[in-house]
Amino acid sequence: GANDWVLALALQLDGKVVAGGRFTSIGGQTRNLIARLSTAQAALQSLGISDDGSVVTWLRSGAGPELALPPQLLFSLDGSTYTAAGTMQRIGAGWRSVGFVAPRNTTFYLRAQARTSAGRNNGSNGLIETTRQFYINSSDTIFSNGFE
């Protein structure tokens, strides 16, 4: 519904679309050169880990952009400095990493991060990621709370 050329489109993490171009109105509303458009459903994603800390799953649904390459799983103890923990594999509703060794009794952070494909002639792309804090209790101790 733009009154002139749309030259660029970008899908935001929340599922809304940003359009840029030579238009002065879009969808019957005045929008000079850039417009943010709503979509029917939001982009949803969740990052989780199995109880034993070995399987990390990044579920994605809704209006989120498709990934250009498989996402990378990143690990951090401080939430600032991340190291690579492997490439995730495709599953039905998202991505999974099997064989992760989660630390016990300490807070840690996981980040799933990937590039999205965009752009028509210039090969541009975007970055999408989810970061979450975790804590897994050690299940191999007999005593708890310092009592013996």
Side-chain angles (χ1 to χ4, degrees), residues 2 5-23 26-27 31-148:
W5 286 85
V6 174
L7 301 171
L9 291 172
L11 185 60
Q12 296 183 309
L13 294 179
D14 63 0
K16 295 195 186 304
V17 176
V18 177
R22 295 190 296 206
F23 53 85
I26 193 165
R31 299 288 186 262
N32 289 314
L33 309 177
I34 192 165
R36 186 169 187 237
L37 311 169
S38 295
T39 57
Q41 63 178 212
L44 304 173
Q45 53 188 342
S46 66
L47 185 62
I49 193 166
S50 61
D51 290 340
D52 68 355
S54 66
V55 179
V56 179
T57 307
W58 188 25
L59 300 177
R60 303 182 67 240
S61 63
E66 187 52 57
L67 306 180
L69 296 170
Q72 295 297 307
L73 181 63
L74 305 169
F75 168 79
S76 174
L77 286 173
D78 62 9
S80 296
T81 306
Y82 285 83
T83 58
T87 301
M88 300 183 86
Q89 303 297 315
R90 185 74 151 148
I91 59 171
W95 300 87
R96 177 172 288 156
S97 177
V98 178
F100 180 74
V101 179
R104 305 287 190 212
N105 300 321
T106 188
T107 299
F108 64 96
Y109 301 83
L110 291 176
R111 175 176 288 164
Q113 184 179 74
R115 293 280 174 192
T116 61
S117 55
R120 181 174 171 191
N121 294 323
N122 61 6
S124 63
N125 59 45
L127 181 69
I128 187 168
E129 64 183 30
T130 296
T131 303
R132 187 165 168 214
Q133 180 184 50
F134 294 95
Y135 183 92
I136 298 177
N137 285 327
S138 179
S139 60
D140 57 0
T141 58
I142 298 173
F143 308 106
S144 63
N145 299 326
F147 295 103
E148 297 186 43

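By convention here, the first residue in the shown sequence is residue 1.
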note = When every non-hydrogen atom of Ala102 is compared with those of Ile49, the smallest separation belongs to CB-CD1, 4.0 Å
inquiry  = Closer than 3.5 angstrom, by distance alone: can the side chain of Arg96 be matched with the main-chain N or O of Ile91 as a donor-acceptor pair?
reply    = no
inquiry  = Taking side-chain hydrogen bond (donor to acceptor under 3.5 Å, both in side chains) as the definition, give me every residue that meets it alongside Thr106, ordered by chain and number, with sequence neighbours left out.
reply    = none
note = Here the pair of heavy atoms bringing Ile136 nearest to Gly53 is CD1-CA, 3.6 Å
ask   = What heavy-atom pair brings Ala19 and Leu9 nearest, and what distance separates the two atoms?
value = CB-CD2, 3.7 Å
request  = Would you indicate whether the side-chain heavy atoms of Met88 and Ser97 approach each other to under 4.5 Å?
outcome  = yes
task = Please round to the nearest 0.5 Å and tell me the distance separating atom CZ of Phe23 and atom CD1 of Ile34.
result = 7.5 Å
key: Distance (rounded to the nearest 0.5 Å) between Trp95 CH2 and Thr130 OG1   = 13.5 Å
key: salt bridge (Lys or Arg N to Asp or Glu O under 4.0 Å) partners of Arg36, counting only residues at least two apart   = Asp14
Non-neighbouring partners of Tyr135 that pass ring pair (Phe, Tyr, Trp, His ring centres under 6.0 Å), sequence neighbours left out = none
key: With Arg22 via salt bridge (Lys or Arg N to Asp or Glu O under 4.0 Å) - residues at least two apart   = none
query = With sequence neighbours left out, what residues match Ala85 under side-chain contact (heavy atoms from CB on, under 4.5 Å)?
reply = Leu73, Phe75, Phe100
task = Return each pair, listed once, that meets side-chain hydrogen bond (donor to acceptor under 3.5 Å, both in side chains) where at least one residue sits in residues 81-92; pairs must be two or more places apart or across chains.
result = Gln72-Thr87
query = Heavy atoms, side chains only, cut-off 4.5 Å: are Asn137 and Asn105 in contact?
reply = yes
key: Phe134 to Leu47 - nearest heavy-atom pair and separation   = CZ-O, 3.7 Å
ask   = What residues, two or more places apart in sequence or in another chain, satisfy side-chain contact (heavy atoms from CB on, under 4.5 Å) together with Ala93?
value = Leu59
query = So how far is it from Leu127 CG to Leu67 CG, rounded to the nearest 0.5 Å?
reply = 10.0 Å
request  = Please report the closest heavy-atom contact between Ile26 and Ala35, naming both atoms and the distance.
outcome  = CG2-CB, 3.4 Å
Report all side-chain donor-acceptor pairs from residues 107-114 shorter than 3.5 Å, counting only partners two or more places apart or in another chain.
residue : atom : partner : partner atom : Å
Tyr109  : OH   : Gln133  : NE2          : 3.1
Arg111  : NE   : Thr131  : OG1          : 2.7
Arg111  : NH2  : Thr131  : OG1          : 3.4
Gln113  : NE2  : Glu129  : OE1          : 2.6

key: side-chain hydrogen bond (donor to acceptor under 3.5 Å, both in side chains) partners for Asp78, two or more places apart   = Ser76
